[in-house]
Amino acid sequence: MLQVSGLSVNYGHARALVDVSLHVNAGEVVAVVGRNGAGKTTLLRALTGLVKPRAGEVMLNGMPITCLPAHKIVGMGVSHVPQGRQVFGDQTVEDNLTLGAYMTVRKSPKRVKELIEREYERFPRLKERRSQHAGTLSGGEQQMLAMSRALMSEPKLLVLDEPSMGLSPLFVKHIFDTIMELKKAGTTILIVEQLALAALSISDRSYVLQMGSVCLEGESSTLLEDDKVLKMYLGAS
Ligand SMILES: Nc1ncnc2c1ncn2[C@@H]1O[C@H](COP(=O)(O)OP(=O)(O)OP(=O)(O)O)[C@@H](O)[C@H]1O
Ligand SMILES: [Mg+2]
């Protein structure tokens, strides 16, 4: 579904991503793990049209999407939940969800209502708080909303940047359970996480990013069994 080859990104003279290649097959959950500053967010921003790569190519279902504007990439079925959630704080929960379906809303307001109900079933907490301004939600609730808003566009590929960040263990479990449910329902997912063990546990394959380059890749179950990998690259004890 997604094919990335030789992707490099610079910020000024600083190299944030160097010759990164990876792929995500339809139906897979693929994790990108790595320490702070490894380039994980930069990678996702380059894939979703938010930063311009210096070199390399991104293909989605055989179509080049490198350098397309972000809204075009959303239109092609890629939805991105950015790091730090970024919900529209002065809008209500329900308005945030409706905004997530901005491409459907003119064609079929009825479909948008159905999608909102689907998200309320997924996260009943959002239904309880449907009229509350998103900026006043707790961190965990905002993460649920950010994920639901991304799902409102019925993406083929969901891209998640550190969905666990700043959440209590209970919320983290809830979010990771939701990722497993989405996988079962056939959504393809690319997830970036600092909680490496958790990300390896829920993914089919993983890439380890170090200083902007992929230093290791493989089946997540194989990487999980390798103590050396966990200690060396992921700082797990
Ligand atoms: N807009 C920017 N301008 C300049 N440098 C940037 C910018 N965004 C990121 N960087 C730098 O690029 C490198 C990679 O950052 P990035 O945010 O991709 O890392 P990350 O792996 O997502 O880290 P974290 O786990 O802390 O979120 C870092 O050294 C960072 O300081
Ligand atoms: Mg990041």
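The chain is numbered in sequence order, starting from 1. Predicted, not measured: the structure shown is a model, and the values here were computed from it. Both counts, for ligands and for their atoms, begin at 1 and track the order of listing.
Heavy-atom proximity to Q194, at under 4.0 Å, picks out these atoms of ligand 1: 25 (O). Counting atoms of ligand 1 from 1 in the listed order, those under 4.0 Å from a heavy atom of Q83 are 27 (O). For ligand 1, the atoms sitting less than 4.0 Å from at least one non-hydrogen atom of N36 are 23 (O), 24 (P), 25 (O), 26 (O), numbered in the order shown with element in parentheses. Heavy-atom contacts of R35 reach the following atoms of ligand 1: 21 (O) (cutoff under 4.0 Å). Those atoms of ligand 1 that come under 4.0 Å of a heavy atom in T41, given as number and element, are 17 (O), 18 (O), 20 (P), 22 (O), 27 (O).
No side-chain donor-acceptor contact under 3.5 Å links T187 to the backbone of K183. No donor-acceptor pair closer than 3.5 Å links the side chain of S79 to the backbone N or O of L151. Between the side chain of E28 and the backbone N or O of N25, at least one donor-acceptor pair lies under 3.5 Å.
A heavy-atom distance below 4.5 Å is not found between the side chains of R54 and Y11. Inter-residue side-chain proximity for R122 and L182 is flagged as met; some heavy-atom pair is nearer than 4.5 Å.
Of the protein's non-hydrogen atoms, the one nearest atom 9 (C) of ligand 1 is Y11 CE1, 3.2 Å. For atom 29 (O) of ligand 1, the closest heavy atom belonging to the protein is G37 O, 4.2 Å. The shortest contact between atom 25 (O) of ligand 1 and any protein heavy atom is with K40 NZ, 2.7 Å.
Taking distance alone, with nitrogen or oxygen atoms compared against 3.5 Å, A16 stays at or beyond that limit from ligand 1. Polar contact check, G39 against ligand 1: a nitrogen or oxygen pair lies under 3.5 Å apart.
Computed with the Mg ion (ligand 2) at the centre, the Q83 OE1 to T41 OG1 angle is 80°, stated to 10 degrees.
The shortest heavy-atom distance from G34 to ligand 1 is not under 4.0 Å. Heavy-atom separations between M165 and ligand 1 are all 4.0 Å or longer. Using a 4.0 angstrom heavy-atom cutoff, E162 counts as in contact with ligand 1.
Of the N and O atoms on the side chains of S21 and S5, not one donor lies less than 3.5 Å from an acceptor on the other residue. In this structure, a donor-acceptor pair under 3.5 Å is present between the side chains of T41 and D161.
Atom 4 (C) of ligand 1 is approached by the protein to below 4.0 angstrom, counting heavy atoms only. Of the protein's heavy atoms, at least one falls inside 4.0 Å of atom 20 (P) of ligand 1.
Smallest separation of non-hydrogen atoms from L17 and G39: CD1-O, 3.5 Å.
Contacts between R45 and ligand 1 below 4.0 angstrom, taking non-hydrogen atoms only, are absent altogether.
For atom 18 (O) of ligand 1, the choice among D161, L209, T42 with the nearest heavy atom turns out to be T42.
For residues 126-141, the set of pairs meeting the salt bridge (Lys or Arg N to Asp or Glu O under 4.0 Å) definition, not counting sequence neighbours, comprises E94-R130, E117-K127, R125-E141, R129-E141.
Ion pairing between R111 and E154 holds under the 4.0 Å rule for side-chain N and carboxylate O. Here E121 does not pair with R118 in a salt bridge; the nearest charged N to carboxylate O distance is not below 4.0 Å.
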